[in-house]
Protein chains: 2
Amino acid sequence: MKSSPAKDTMAIAVRDKMRADILGARLKPGQRLMFAELSERYGVSVGVTREALTWLSSQGLVKATAHQGYMVTPLTMAELDALTEARLLIESEVLKLSIRNGDTEWEGLIIAAHHVLSRTPSSAEGSDPNDDAAQDAWAEAHAAYHEALLSACGNPRLMQIVRTLSEEAALYRRWSISLGHINHQAAAEHRALLEHCLAREPEEAAEALRQHVSHTRQMLMEYITEAQ
Amino acid sequence: MKSSPAKDTMAIAVRDKMRADILGARLKPGQRLMFAELSERYGVSVGVTREALTWLSSQGLVKATAHQGYMVTPLTMAELDALTEARLLIESEVLKLSIRNGDTEWEGLIIAAHHVLSRTPSSAEGSDPNDDAAQDAWAEAHAAYHEALLSACGNPRLMQIVRTLSEEAALYRRWSISLGHINHQAAAEHRALLEHCLAREPEEAAEALRQHVSHTRQMLMEYITEAQ
DNA sequence: AACCATTGCATATTCGAATGTATTGATAAC
DNA sequence: GTTATCAATACATTCGAATATGCAATGGTT
């Protein structure tokens, strides 16, 4: 038995923890990220913190300004618009691809993911919007379902792009929910999406996905307008 | 007149120099990147080198393996396939968007960019494939043209994604050319693309772009097969 | 009062040394 | 002859201190 098969670096660990903290609403959009504070929080030196921040900024979760440090990417209307449009355009195409390539195993995958999601209480179904653990669980199930839908596209590159975009969208969703905004139709939309995929109707499925993303955007816009 | 308007950090400067060195064929795909060597080459400490590499690895130009360092991303058939498919799917859609949104100013932009490209000698037109300066110039004009075509899409996010993909594709093109592979139809394809854009024919333009990208892929495949 | 320069402070950035991890090559055991 | 063990080396990783930069407050000048 090997003692340590493949240990990650501290920087990777910190980057992941930090990503989780941002996505988990423990670090607020627009909040300044100072090295002294972060280094103590994660128990590492500034160099490691810096490397983690560099990575996250390249992924768009934090924003860097030379000689002025880092902050959690602020949520803005313009960014939400661009993000939504990019998702509409890319995800709908990738979904079509996935439906065409998907085999029976894939069908099983999306049915399973949908089942888990449908059994995970969302804020629309009465879970407390301020219960972080509950929201984390739903966000994870939601991300897993969307990823499963696209997973049969067979292109790691496309998956990576979609994942990056989805992650940022999850950030908007998270903060929107914590303010009480809820997409009551989400569950129905998820189900419709599943049906179209299983029926092998690429165009209809893509349209359903577009509806879902657009609708989510609408809800988030209310949040930003309200939160300023 | 301000004395120092906005100085970048060393890490940013090194990252850009390194990107240029990779894209400029001065660092070979698969080549190991060692800190001692790089730090001396760019005249900075290992910390800065590390930050630059972290960024580049997130963009896919270099590959990181924990505790084993970094290397220039190796060129593989599988990667080329995924990359090409992603470009086909995304760029054609973004192009349609760009054509729909583009105004007269945009038309001027793409005409200008095409003019520059057409006047920059490519290896297909007799420039020496081993003349790095000449190849850099053509690659830059080529990238500028493709970027101009899509620039009217009005979505910084999409532009950023396309840029990342294009940059990596340029890496394949660069090495393919240096081995004597030449896309003789490129100039004609670029012209056809321009015509369709000016005529406001989104579908035809997108198809022309798909042709162009596919054709380029074909040429690069020969390179990889040959170079192993 | 409004504007510009200066100083002091908080913080980001950079460095070089200290530490930890993989790999290589040699030697011993099977 | 093959596999296992163990140094020795080369290197990536991490640290904490040293430096440079931006910002806010202060004081002086028009």
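These numbers were taken from a predicted model, which means no experiment stands behind them. Chain A is the first sequence line, chain B the second, and so forth, proteins listed ahead of strands; every chain is numbered from 1.
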What is the distance, to the nearest angstrom, from the [atom1] atom on [X] to the [atom2] atom on [N]?
X: B:D8; N: C:dT14; atom1: CG; atom2: P; answer: 10 Å
X: B:L53; N: D:dA12; atom1: CG; atom2: C1'; answer: 11 Å
X: A:L38; N: C:dA12; atom1: CG; atom2: P; answer: 9 Å
X: B:M71; N: D:dC11; atom1: CE; atom2: C1'; answer: 14 Å
X: B:K7; N: C:dT14; atom1: NZ; atom2: C1'; answer: 12 Å
X: A:Y70; N: D:dT21; atom1: OH; atom2: P; answer: 16 Å
X: B:E51; N: C:dT14; atom1: CD; atom2: P; answer: 7 Å
X: B:I12; N: C:dA12; atom1: CD1; atom2: C1'; answer: 12 Å

Can you find a pair of side-chain heavy atoms, one from [X] and one from [Y], that are under 4.5 Å apart?
X: B:R173; Y: B:W138; answer: yes
X: A:R41; Y: A:K17; answer: no
X: A:M159; Y: A:L150; answer: yes

| Closest-nucleotide 5' rank along DNA chain D - winner of A:G47 and A:A66 |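 It is A:G47 whose nearest nucleotide is closer to the 5' end.
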| said: Check this for me: does any side-chain nitrogen of one of A:R174 and A:D132 sit under 4.0 Å from a carboxylate oxygen of the other? | reply: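 Counted as a salt bridge, because a side-chain N and a carboxylate O are separated by less than 4.0 Å.
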Give the nucleotide from the list [options] with an atom nearest to the side chain of [X].
X: B:M34; options: D:dC11, C:dT14, D:dT14; value: D:dC11
X: A:T9; options: D:dT13, D:dG22, C:dC15; value: D:dT13
X: B:S45; options: D:dG22, C:dG16, D:dC15; value: C:dG16
X: B:R32; options: D:dG16, D:dA12, D:dG22; value: D:dA12
X: A:M10; options: D:dT14, C:dT21, C:dA12; value: D:dT14
X: B:A11; options: D:dA12, D:dG16, C:dT14; value: C:dT14
X: A:V46; options: D:dA12, D:dA17, D:dC15; value: D:dA17

| For A:G69, which contact category applies under a 4.0 Å heavy-atom criterion: base, sugar-phosphate, or nothing? |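 Answer is sugar-phosphate: A:G69 comes under 4.0 Å of backbone atoms only.
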| request: Report yes if a side-chain nitrogen or oxygen of B:Q68 is closer than 4.0 Å to either non-bridging phosphate oxygen (OP1 or OP2) of C:dT23; otherwise report no. | output: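 Affirmative; the distance criterion is met.
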| said: Is B:R50 close enough to D:dT13 that one of its side-chain N or O atoms is under 4.0 Å from OP1 or OP2 there? | reply: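 Answer is yes, contact under 4.0 Å.
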| Working for salt bridge (charged side-chain N to carboxylate O under 4.0 Å, His left out), residues B:E79 and A:R157 | CA-CA 8 Å; B:E79 263 299 315; A:R157 205 48 172 274; 2.7 Å; yes
